[in-house]
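Below: the structure, in structure tokens.
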There are 2 protein chains.
Amino acid sequence: MDTGPKIAQVAALVGDPARANMLSALMDGRTLTATELAYLSGVAPQTASGHLAKLSDAGLLALERRGRRRYFRLASPLVARMLEGLMVVAQEGPARQRNLWRGGETLRHARTCYDHMAGRIAVAIADRLVQQSFILLDEDGGQLTDAGQSFFDGLGVDLCLASKRRVFCRPCLDWSERRPHLAGAVGAAILRHALDHAWVEHIRDSRALLVTPVGVRELAATFGIEGAPPTDACKGPVASLSRGRAAVNSV
Amino acid sequence: MDTGPKIAQVAALVGDPARANMLSALMDGRTLTATELAYLSGVAPQTASGHLAKLSDAGLLALERRGRRRYFRLASPLVARMLEGLMVVAQEGPARQRNLWRGGETLRHARTCYDHMAGRIAVAIADRLVQQSFILLDEDGGQLTDAGQSFFDGLGVDLCLASKRRVFCRPCLDWSERRPHLAGAVGAAILRHALDHAWVEHIRDSRALLVTPVGVRELAATFGIEGAPPTDACKGPVASLSRGRAAVNSV
DNA sequence: CAAACACTTCGGCGAAGATCGTAGTGTTTT
DNA sequence: AAAACACTACGATCTTCGCCGAAGTGTTTG
């Protein structure tokens, strides 16, 4: 089931200026008639009628007949959320988008997410552990295999503590990478281990993490991933990323 | 500044099947080349090149030159969020959307939002207070006028308590109505008053509120709004809604 | 019952834009 | 240096779709 064509269908619907004007006018939850919407969107009533029929058929608008006129409103808060998403992207010009990454390049590389690690590094670690069958990741849960238990034992990471009082292992969708990293007791243990062994350290009082030279070496040795941030030398899709992609396909 | 045309521009970009396929393929944070994206979206490389240029110019994609090939990825998490919004609306067929309201009709009418009221009723109350110049509502704050002070005094609502320790009055965007209702000490005082005087009562252990017959009468007398839920008799845009619209225009 | 109103359907016009073939630039490989 | 490769620019074709005039259905008002 490919999602591409489906979202194109909805987006194309919103992609017409007249229809977009109608939806914008309804964003605040108002209930408007076809004629009002025609005027607000700047088209003739006949044209508006066609547009409104399409929007209703697609389930974007809810329709209520009342006498000789028809009242329209957004079909659900989900539609409003979608429109908000479009507004945000539309208002931030092409310029802003870049700064978001530029300034946040360090954050994107490695950071904390509550009590565990996130960012490129964390996703690469999760990919590796899945690829090696040390961990089985599900949609909303995870499981440590026997091999994985041995692996962590060998590292000197104690996973037993606190395993009763909290979720042991679960995926957590990475904010910047949009792919899962490890949370739960396992994720927390990994971060603690990394901090204890000076693989990473907190930067100022931000959530960003600095990967130390020791960390770069040990991350490569332990997980086979490139721990250095993408500076001049190594920029773009690094080894850990392409490997990560293969792992994702297997999940 | 009309937002309609702007969101139409972005939506139209996503509205083409080929481009939508590209964006879908990048949803998981991967970094792909122009050729890969051309193949995935099912068009010739020349066509893909044009699409990718448009998406980059609009700030939806980030581009990285690397040797003789170009790597693309989503420009920011905001873009991913927008696409998610579209996916949700696209996957829930027209059928699902209705159920969301039908089941939640009571919630939509009146409910609690933390310690204050929300829903149609709460928005109508806020509109009325603004319309009467009892309260001045700003983007992110609110202010009680002298007239408003007298009004609440007359009702027997004591607004003085706890006014120091928390935000006194602020707007809170209503989940279902997508227009502000009152939060802060003022909002909390109104809910407490309504509960104390049996205008409304909690339903089971949900957040929904039931408007009692007393409440219907008193809401009409106090705020001039229709407090009864829209059953058979009174369905669709009731008096309180059209009045609310006028108030919004004045804010 | 007739007129006004709100809305829909139909049909032709016209513009926007998606597509790919051909030809070009810049980069890597042999 | 030549060939292969990744991508871009241009131009012609073609489909799609928004648009409004004219005419038609159902509802309310006088």
Side-chain angles (χ1 to χ4, degrees), chain A residues 4-5 7-26 30-58 60-73 235-237 242, chain B residues 2 4-26 30-58 60-73 235-237 242:
Chain A
I7 77 172
Q9 221 170 335
V10 176
L13 233 42
V14 189
D16 177 76
R19 286 192 293 258
N21 278 328
M22 292 174 175
L23 293 168
S24 295
L26 295 169
R30 282 186 294 181
T31 308
L32 298 174
T33 69
T35 315
E36 289 175 295
L37 286 167
Y39 173 74
L40 288 172
S41 60
V43 294
Q46 314 94 297
T47 309
S49 175
H51 286 315
L52 291 168
K54 285 179 188 171
L55 291 172
S56 298
D57 288 347
L60 298 189
L61 293 186
L63 156 69
E64 194 167 342
R65 293 157 213 273
R66 173 167 271 268
R68 65 183 169 189
R69 66 185 82 192
R70 313 204 150 176
Y71 291 89
F72 294 88
R73 65 159 184 245
K235 233 169 93 178
S242 35
Chain B
D2 217 2
K6 280 202 211 162
I7 77 171
Q9 219 170 334
V10 176
L13 232 42
V14 188
D16 178 75
R19 286 193 292 258
N21 278 329
M22 293 173 175
L23 293 168
S24 296
L26 295 169
R30 283 188 292 182
T31 307
L32 298 174
T33 69
T35 314
E36 289 176 293
L37 287 166
Y39 173 72
L40 288 173
S41 59
V43 295
Q46 313 93 301
T47 309
S49 176
H51 286 316
L52 291 168
K54 284 180 189 171
L55 290 172
S56 298
D57 288 347
L60 298 189
L61 294 185
L63 157 69
E64 194 166 341
R65 294 157 213 272
R66 171 166 272 268
R68 65 181 169 187
R69 64 186 81 192
R70 311 203 151 178
Y71 291 90
F72 292 88
R73 67 161 182 246
K235 232 169 93 177
S242 35

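Basis for what follows: all heavy atoms, side chains included, without hydrogens, waters or symmetry-related copies. Please read these numbers as outputs of a predicted model, since none were measured by experiment. Here is the naming used below: chain letters follow the sequence lines, and residue numbers restart at 1 for every chain.
The CZ atom of B:Arg65 sits 17 Å away from the C1' atom of C:dT28 (whole-angstrom rounding). Whole-Å rounding puts the A:Arg69 CZ to C:dT8 P distance at 13 Å. In this structure, CG of B:Leu52 is placed 12 Å from P of D:dA9, rounded to the nearest angstrom. Computed from coordinates, the A:Tyr39 OH to C:dC5 P distance equals 18 Å when rounded to whole Å. If you take CE of A:Met22 and C1' of D:dG18, they are 12 Å apart, rounded to a whole angstrom. B:Leu37 places its CG atom 13 Å from the C1' atom of D:dA6, with the value rounded to the nearest Å.
In this structure, the side chain to side chain donor-acceptor pair (under 3.5 Å) partners of A:Thr33, at least two apart in sequence or on a different chain, are A:Glu36. Residues that satisfy the side chain to side chain contact (heavy atoms under 4.5 Å, CB included) test with A:Ala38, not counting sequence neighbours, are A:Ala48. A:Leu13 meets the side chain to side chain contact (heavy atoms under 4.5 Å, CB included) test with A:Arg19, A:Lys54, A:Leu55, A:Ala58, A:Leu60; sequence neighbours excluded. Remark: B:Pro5 engages A:Asn21, B:Asp2 in a side chain to side chain contact (heavy atoms under 4.5 Å, CB included) (not counting sequence neighbours). Partners of A:Ala44 under the side chain to side chain contact (heavy atoms under 4.5 Å, CB included) rule, at least two apart in sequence or in another chain, are A:Gln46, A:Thr47.
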*Determine, for nucleotides 25-30 of chain D in 5'-to-3' order, which nucleotides have protein heavy atoms under 4.0 Å from the base (write B), from only the sugar-phosphate (write S), or from neither (write -).*
--BB--

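Distances shown here put every side-chain N or O of B:His51 at or beyond 4.0 Å from the OP1 or OP2 atom of C:dG17. Dashed line: the shortest gap from a side-chain N or O of A:Lys54 to OP1 or OP2 of D:dC17 is not under 4.0 Å.
Near DNA chain D, meaning a heavy atom under 4.0 Å away, the residues from residues 8-20 of chain A are A:Asp16, A:Ala18, A:Arg19. Within a heavy-atom distance below 4.0 Å of DNA chain C, the residues of residues 42-50 of chain B found are B:Val43, B:Ala44, B:Gln46, B:Thr47.
To the nearest 0.5 Å, atoms CZ (A:Arg73) and CG (A:Leu63) are separated by 10.0 Å. Atom CZ in A:Arg70 sits 13.5 Å away from atom CG in A:Leu37 (nearest 0.5 Å). To the nearest 0.5 Å, atom CZ of residue A:Phe72 and atom CG of residue A:Leu52 are 4.5 Å apart.
Proximity of B:Leu61 to B:Leu23: side-chain heavy atoms (C-beta onward) are separated by under 4.5 Å at one or more points.
With hydrogens and angles disregarded, no donor-acceptor distance shorter than 3.5 Å links the side chain of B:Ser49 to the backbone of B:Pro45.
Minimum interatomic distance between B:Arg30 and B:Ala25 (heavy atoms only, all atoms of both residues): NH2-O, 3.3 Å.
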